[in-house]
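I have placed the structure first, in the form of structure tokens, so that the comments after it can refer back to it.
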Amino acid sequence: MQTVIFDLDGTLCDTSGDLIAAANACFRDMGYGDVLDPVADAAIAVRGGRAMLTAGFERVRPNYTEDDIDGQYPRLLQAYGDDINRFTTFYEGALAACARLRAAGVGVGICTNKPEALAEMLMMAMGARPAFDVLIGADTLPVRKPDPAPLFAAIDQIGGDRAKSVLIGDTITDHSTARAAGIPSVLVTFGPAGRTVADLEPDALLDHYDDIETVLEPFIGAIGA
């Protein structure tokens, strides 16, 4: 089976606003106010909670330690889970593209470094969980991306053919995961990193979800053929 596995944050959805809000809740609790900017720091947000906390501490407490990060991380996850989709939106055409792929017999899944429970919660809250055959999160397995195991798990659970699979993402983590798995990487240009993802030299770039079938064909064959 042809299979397309998507990253979540910065690839399917712009989650940066809600992620930044959760990190800022931590810094407000510590008396620093809103340290991170939802626009300027969007690229940091999609790298995950620890990346946001690190960036914030570098600004307000340069002598921070890993204990500071560890101490705030559970609070960040709580804040995020409490208000997970106030600002989050799917990128234009994303859900329609997934529906077209599935209608053509292509397996469609998510492989994210967001904790599985939060990823499931977000997709359910947005009414989109049925659009995906499988969801693998950061803690579904003992390892996470860029280890290829989560990607393989997503493909295998769908019943996909690894030789006819593609990973669509937006960061070096996704690119490295695909490389480790020996699977083509397609990076979106509409995420927080924009067209700078071209510097990673992925197998292809995706400028809009309307173009997904054309972009995928060289790697997995014609969709629906």
Side-chain angles (χ1 to χ4, degrees), residues 4-24 36-56 76-77 80-81 83-98 108-116 118-123 125-126 128-129 131-132 135-138 144-147 150-151 154 166-179 183-212 215-216:
V4 181
I5 305 299
F6 296 87
D7 174 54
L8 180 53
D9 302 81
T11 300
L12 285 170
C13 296
D14 180 359
T15 56
S16 58
D18 288 313
L19 290 167
I20 292 290
N24 278 335
L36 301 176
D37 183 89
V39 176
D41 294 320
I44 299 173
V46 297
R47 286 164 41 205
R50 293 182 182 278
M52 291 187 295
L53 291 171
T54 297
L76 185 150
L77 294 181
Y80 183 59
D83 201 5
I84 200 167
N85 70 325
R86 179 184 296 267
F87 304 113
T88 293
T89 57
F90 278 96
Y91 288 110
E92 184 177 0
L95 285 180
C98 292
V108 176
I110 294 173
C111 182
T112 175
N113 273 353
K114 186 191 294 293
E116 180 183 344
L118 289 175
E120 290 279 4
M121 183 188 301
L122 177 60
M123 291 295 95
M126 299 184 75
R129 182 62 182 87
F132 302 93
L135 189 157
I136 301 293
R144 63 177 65 188
K145 298 184 297 185
D147 191 292
L151 174 57
V166 170
L167 176 62
I168 299 181
D170 70 304
T171 66
I172 190 171
T173 299
D174 300 310
H175 180 62
S176 298
T177 303
R179 283 289 179 266
I183 287 172
S185 67
V186 174
L187 298 183
V188 303
T189 62
F190 42 79
R195 294 198 66 84
T196 63
V197 294
D199 296 339
L200 299 174
E201 300 183 351
D203 295 286
L205 297 172
L206 180 62
D207 295 323
H208 194 285
Y209 276 112
D210 287 351
D211 305 324
I212 195 167
V215 170
L216 291 176

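This chain uses plain numbering: 1 for the first residue, then up along the sequence.
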So, for Y209 and T11, which heavy atoms are closest and what is the spacing to 0.1 Å?
OH-O, 2.7 Å

Sub-4.5 Å side-chain heavy-atom contact between L205 and R195
yes

Carefully, step by step, assess T89 and D14 under the rule side chain to side chain donor-acceptor pair (under 3.5 Å).
CA-CA 6 Å; T89 57; D14 180 359; 5.1 Å; no

List the atom of L76, the atom of G49, and the distance in Å for their closest heavy-atom pair.
CD1-O, 3.8 Å

Between I168 and the options I212, V215, I5, D7, the side chain to side chain contact (heavy atoms under 4.5 Å, CB included) test singles out I212

K145 (side chain) donor-acceptor with P150 (main chain) under 3.5 angstrom:
no

Does I172, at its CD1 atom, have more than 12 non-hydrogen atoms belonging to other residues, nucleotides or ligands within less than 6.0 Å?
no

Nearest-0.5 Å distance, CG of residue L12 to CE of residue M126:
10.0 Å

Atom of C98, atom of F132 and distance for their closest heavy-atom approach:
SG-CE2, 3.6 Å

About how many Å separate CG of D147 and OG1 of T173, when rounded to the nearest 0.5 Å?
12.0 Å

For residues K114 and D9, report the shortest heavy-atom separation together with the two atoms involved.
NZ-OD2, 2.9 Å

Step-by-step side-chain contact (heavy atoms from CB on, under 4.5 Å) determination, L19 to R47
CA-CA 10 Å; L19 290 167; R47 286 164 41 205; over 6 Å; no

Show the nearest heavy-atom pair for residues L8 and A119, with the distance to one decimal.
CD2-CB, 4.1 Å

Heavy-atom donor-acceptor pair, N85 side chain to L122 backbone, under 3.5 Å:
no

Apply salt bridge (charged side-chain N to carboxylate O under 4.0 Å, His left out) to E92 and list each qualifying residue two or more places apart in sequence or on a separate chain.
none

What heavy-atom pair brings D18 and I84 nearest, and what distance separates the two atoms?
OD2-O, 3.2 Å

Cut-off 3.5 Å, no hydrogens considered: what does the side-chain donor-acceptor table look like for residues 183-194, sequence neighbours left out?
residue: S185; atom: OG; partner: H175; partner atom: ND1; Å: 3.0
residue: T189; atom: OG1; partner: L206; partner atom: O; Å: 3.4
residue: T189; atom: OG1; partner: D207; partner atom: OD1; Å: 2.7

To the closest 0.5 Å, what do you measure between CG (L200) and CZ (R179)?
9.5 Å

I'd like to check the salt bridge (charged side-chain N to carboxylate O under 4.0 Å, His left out) partners of D41; sequence neighbours left out, ordered by chain and number.
R59

Might you work through the side chain to side chain donor-acceptor pair (under 3.5 Å) test for D174 and T171, ending with a clear yes or no?
CA-CA 5 Å; D174 300 310; T171 66; 3.2 Å; yes

Could you state the interatomic distance from CG (L36) to CG (L53), rounded to the nearest 0.5 Å?
8.0 Å

